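Structure first, then comments.
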Amino acid sequence: MDSAMRSSAPDAPDSVKILIAGGFGVGKTTFVGSVSEVDPLSTEAPLTAASEQVDDISKVAGKTTTTVAMDFGRITLDRIVLYLFGTPGQDRFWFMWDDLVRGAIGAIVLADTRRIEDSFAAVDFFEERATPFIVGLNQFPDAFSYSDDAVRDSLELRPDTPVVRLDALDKKSCRDALVALIQHRLGPSMTTTERAGHQ
């Protein structure tokens with residue numbers, strides 16, 4: 001975000017709160033860690049035999065930890081500071097979402113096309129609370145490739161909800177997704193050329 005964006009959105013705040021949300025194991029912690037300009041705060045805890053009774057890890061092979069409260073990071077785009085809060089993904093921690101969403105200007109709902117149904121609850125959550133959001137398709141190596149329209153239909157998204165593709169391991173990709181959310185929230189005031197200045 002640069003002076004061109006700020007000048008076209010004079011009421012843009014100096015800092016904003018953004019949620020990184022989605023289902024279990026979809027890449028929220030990775031996203032926050034990749035893009036944060038400070039060492040991220042993470043509440044990752046090991047998955048234990050006891051948690052296997054309540055957390056279905058069959059579709060996230062190799063996952064050994066889980067977020068039990070939130071992840072926190074920060075990134076500055078021009079002079080606007082974005083405070084990033086990664087939500088816990090398991091159903092049993094969803095009671096925290098109502099607290100986390102307070103004061104947020106919007107959210108990125110991460111989705112894995114191998115298990116798109118895991119994103120339904122997050123989409124419903126933000127729609128019910130009239131919180132602006134975009135859907136970020138995290139590009140896992142073995143993920144299925146679907147058109148934006150197919151994803152939109154599957155998630156029953158409103159026509160004005162953007163769908164973007166990203167790699168949660170890549171800082172630039174995550175930053176571009178954040179820019180897309182800011183554009184969705186404050187208006188399309190940053191051009192491709194202006195975005196290139198932040199690469």
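Because only heavy atoms are used, hydrogens play no part in the values below, and waters and symmetry mates are left out as well, while side chains stay in. Position 1 is the first residue of the sequence; numbering continues from there. Note that the structure is a prediction, hence the values are computed from the model and not measured.
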In terms of hydrophobic clustering (I, L, V, M, F, W, Y; side-chain heavy atoms under 4.5 Å; direct or indirect links), are F144 and F140 co-clustered?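 No.
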
Is there a path of hydrophobic side-chain contacts, each under 4.5 Å between heavy atoms of I/L/V/M/F/W/Y residues, joining I75 to L169?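 Different clusters.
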
Measure across [X] and [Y] and return the closest heavy-atom pair with its distance rounded to 0.1 Å.
| X | Y | value |
| --- | --- | --- |
| T76 | E37 | OG1-OE2, 2.8 Å |
| D170 | S34 | N-OG, 4.2 Å |
| V123 | L155 | CG1-O, 4.1 Å |
| P162 | F133 | CD-O, 4.0 Å |
| L166 | A168 | CD1-N, 3.6 Å |
| A143 | T113 | CB-OG1, 3.5 Å |

Mind checking what makes side-chain contact (heavy atoms from CB on, under 4.5 Å) contact with L181, not counting sequence neighbours?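 So L181 forms a side-chain contact (heavy atoms from CB on, under 4.5 Å) with I18, I108, I134.
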
Kindly write out the residues that satisfy side-chain contact (heavy atoms from CB on, under 4.5 Å) with R185, not counting sequence neighbours, or none if the list is empty.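 With sequence neighbours excluded, R185 shows a side-chain contact (heavy atoms from CB on, under 4.5 Å) to I105, P132, given in chain and number order.
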
Would a distance-only check, ignoring hydrogens and angles, find a side-chain to backbone donor-acceptor pair under 3.5 Å from N138 to L110?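 No, because the side chain of N138 does not come within donor-acceptor range (under 3.5 Å) of the backbone of L110.
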
Is it true that a side-chain atom of K17 and a backbone atom of V101 form a donor plus acceptor pair closer than 3.5 Å?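 Side chain of K17 to backbone of V101: no pair is present.
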
Find the distance between CD (Q183) and CG (L178) and round it off to the nearest 0.5 Å.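 Here the rounded value is 11.5 Å.
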
For the atom pair CZ (F125) and CG (L19), what is the distance rounded to the nearest 0.5 Å?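 Here the rounded value is 7.5 Å.
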
Contact list for residues 145-161, test side-chain hydrogen bond (donor to acceptor under 3.5 Å, both in side chains), sequence neighbours left out: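 Checked against side-chain hydrogen bond (donor to acceptor under 3.5 Å, both in side chains) - neighbours excluded - the pairs reaching residues 145-161 are D148-R165.
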
Pair listing, side-chain hydrogen bond (donor to acceptor under 3.5 Å, both in side chains) test, anchored in residues 119-133, at least two apart: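 Counting only pairs at least two positions apart or across chains, the side-chain hydrogen bond (donor to acceptor under 3.5 Å, both in side chains) contacts touching residues 119-133 are D98-R129.
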
Applying salt bridge (Lys or Arg N to Asp or Glu O under 4.0 Å), can you list everything that pairs with D99, at least two apart in sequence or on another chain?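 By the salt bridge (Lys or Arg N to Asp or Glu O under 4.0 Å) rule, D99 matches R102.
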
Check the pair I20 / D71 against side-chain contact (heavy atoms from CB on, under 4.5 Å), numbers first and verdict last. CA-CA 9 Å; I20 310 301; D71 300 307; over 6 Å; no

Checking F85 now: which residues fulfil ring-ring contact (aromatic ring centres under 6.0 Å, His included) with it, not counting sequence neighbours?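 F85 satisfies ring-ring contact (aromatic ring centres under 6.0 Å, His included) with F72 only.
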
Is the closest side-chain heavy-atom distance between [X] and [Y] below 4.5 Å?
| X | Y | value |
| --- | --- | --- |
| D176 | V164 | no |
| D118 | V26 | no |
| L41 | S36 | no |

Would D142 and R114 pass as an ion pair if we require N to O under 4.0 Å?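 A salt bridge links D142 with R114.
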
